[in-house]
Amino acid sequence: MAESTPRFLFLVSLVVAALAMATVPAAAAAHDAGGRSRLIHLHFYMHDITGGPGQTAVQVVKGPGPAHPAMPGYHFGDTTVIDDALTDGPSASSSRLVGRAQGTYTLASLTEPVLAVSMTVALTGGAYNGSTLAVVGRDDVSAGVRELAVVGGTGAFRSATGHVLWRTARMESRDHMVLELDVYATVPGASPAPPPPAGVVRQVA
């Protein structure tokens, strides 16, 4: 029995090693098989129009919370649904449409002008036509630059991770805010990689 103990322990170690290899996450395995990840940079402008002709943002919940001290006329819990145009330039009329930002934002702070954003970026032009990105995060309207998270996507952005730098570019009118978005999305090497066009979409490294 004493002589067989080392052999038994060796066999057990082989079984444990095999089980450990079998439980490697599928995503990690796919990433290794597909080679190194790719960083893709998207740059576009988002037009949030809350009233008047061409309205793209509609309030669907009037927050039952108290009146907001930093945003007169608004209440904690106010929720808006958006279908905002995305263009390759800041002008809604003369720039090329490249997609839509569809989702919601909610006034999520009792004292600060902070929105909780959840939206899908649906690209409708260029090399990534038909692909989408899921973006969520905290939008402090008073900050010059806000950072939101890329938490997934479809098509060329399947399993994407990354971040969005989000700035208020200008106010076209009282109801029309133009936001500038720089999206940095990392995708596994196995994801489709269409050639980047000149202009709105650039692939980095």
Side-chain angles (χ1 to χ4, degrees), residues 40-65 68 71 73-90 92 95-110 112-126 128-143 145-187 191 200-201:
I40 297 172
H41 175 212
L42 310 177
H43 177 256
F44 40 70
Y45 294 84
M46 174 175 157
H47 299 267
D48 191 57
I49 306 173
T50 58
Q55 182 175 7
T56 63
V58 177
Q59 186 176 10
V60 293
V61 175
K62 184 68 174 178
H68 202 278
M71 301 178 70
Y74 293 90
H75 293 74
F76 178 66
D78 283 354
T79 300
T80 299
V81 174
I82 63 170
D83 184 14
D84 291 348
L86 301 174
T87 60
D88 62 356
S95 301
R96 182 168 60 97
L97 182 69
V98 296
R100 310 291 300 187
Q102 298 165 330
T104 62
Y105 55 78
T106 300
L107 185 52
S109 172
L110 286 166
E112 300 175 300
V114 170
L115 305 174
V117 177
S118 176
M119 72 181 195
T120 298
V121 172
L123 298 173
T124 58
Y128 299 102
N129 180 26
S131 296
T132 69
L133 282 161
V135 176
V136 299
R138 183 179 188 268
D139 176 16
D140 182 347
V141 178
S142 65
V145 180
R146 292 85 85 182
E147 183 174 332
L148 285 77
V150 173
V151 296
T154 64
F157 299 101
R158 190 177 304 131
S159 301
T161 58
H163 66 282
V164 180
L165 297 181
W166 178 297
R167 307 172 183 85
T168 301
R170 66 191 191 192
M171 294 295 298
E172 291 284 0
S173 68
R174 183 176 63 87
D175 299 321
H176 184 172
M177 178 182 290
V178 181
L179 301 163
E180 182 179 8
L181 277 64
D182 277 290
V183 180
Y184 297 90
T186 300
V187 297
S191 296
V200 65
V201 181

Closest non-hydrogen atoms of A156 and V187, given as atom of the first, atom of the second and distance, are O-CG1, 3.7 Å

Side chains of T124 and N129 in contact at under 4.5 Å (non-hydrogen atoms): yes

- Query: Quick one: do the H47 and T56 side chains pair a donor with an acceptor below 3.5 Å?
  - Reply: no

Here the gap from L148 atom CG to M119 atom CE, rounded to the nearest 0.5 Å, amounts to 7.0 Å

So, do H43 and E180 sit near enough that their side-chain heavy atoms are less than 4.5 Å apart?
yes

Between V61 and G77, the two heavy atoms sitting closest are CG1-O, 3.9 Å

Across all chains, not counting sequence neighbours, the salt bridge (charged side-chain N to carboxylate O under 4.0 Å, His left out) partners of D83 are R100

Residues L133 and A160: closest non-hydrogen pair is CD2-CB, 4.0 Å

When rounded to the nearest 0.5 Å, the distance separating CE of M46 from CD1 of I82 is 3.5 Å

Heavy-atom closest pair (D48 atom, D84 atom, distance to 0.1 Å) is OD1-OD2, 2.7 Å

Establish, from distance only, whether the side-chain atoms of T154 and T132 form a donor-acceptor pair under 3.5 Å.
yes

| Counting only N and O atoms by type, is there a donor-acceptor contact under 3.5 Å from the side chain of Q55 to the main-chain atoms of T50? | yes

When every non-hydrogen atom of G89 is compared with those of Y45, the smallest separation belongs to C-CD1, 3.3 Å

Measuring only between side-chain heavy atoms, which start at C-beta, is V60 closer than 4.5 Å to T104?
no

Practice item. Would you indicate whether the side-chain heavy atoms of W166 and D139 approach each other to under 4.5 Å? Key: yes

In V117, T120, V164, the residue satisfying side chain to side chain contact (heavy atoms under 4.5 Å, CB included) with V135 is V164

Nearest heavy-atom contact between M171 and R174 is CE-O, 3.9 Å

Could you tell me if the side chain of V150 sits less than 4.5 Å from the side chain of F157, heavy atoms only?
no

Taken in chain and number order and not counting sequence neighbours, the residues that satisfy side-chain contact (heavy atoms from CB on, under 4.5 Å) with L165 are V145, E147, H163, R167, D182, Y184

d(R138 CZ, E112 CD) to nearest 0.5 Å is 5.5 Å

Output for pair (L107 CG, L115 CG), nearest 0.5 Å, gives 6.0 Å

I'd like to know whether CE of M177 has more than 12 heavy-atom contacts from other residues, nucleotides or ligands below 6.0 angstrom.
no

CD1 of I40 to OH of Y128, rounded to nearest 0.5 Å, is 3.5 Å

CG of L42 to CG of D88, rounded to nearest 0.5 Å, is 12.5 Å

Applied to residues 51-64, the salt bridge (Lys or Arg N to Asp or Glu O under 4.0 Å) test, sequence neighbours excluded, yields none

Answer yes or no: does atom OH of Y74 have more than 12 heavy-atom neighbours from other residues, nucleotides or ligands under 6.0 Å?
-> no

Original post:
Is the closest side-chain heavy-atom distance between F44 and V183 below 4.5 Å?
Top reply: yes

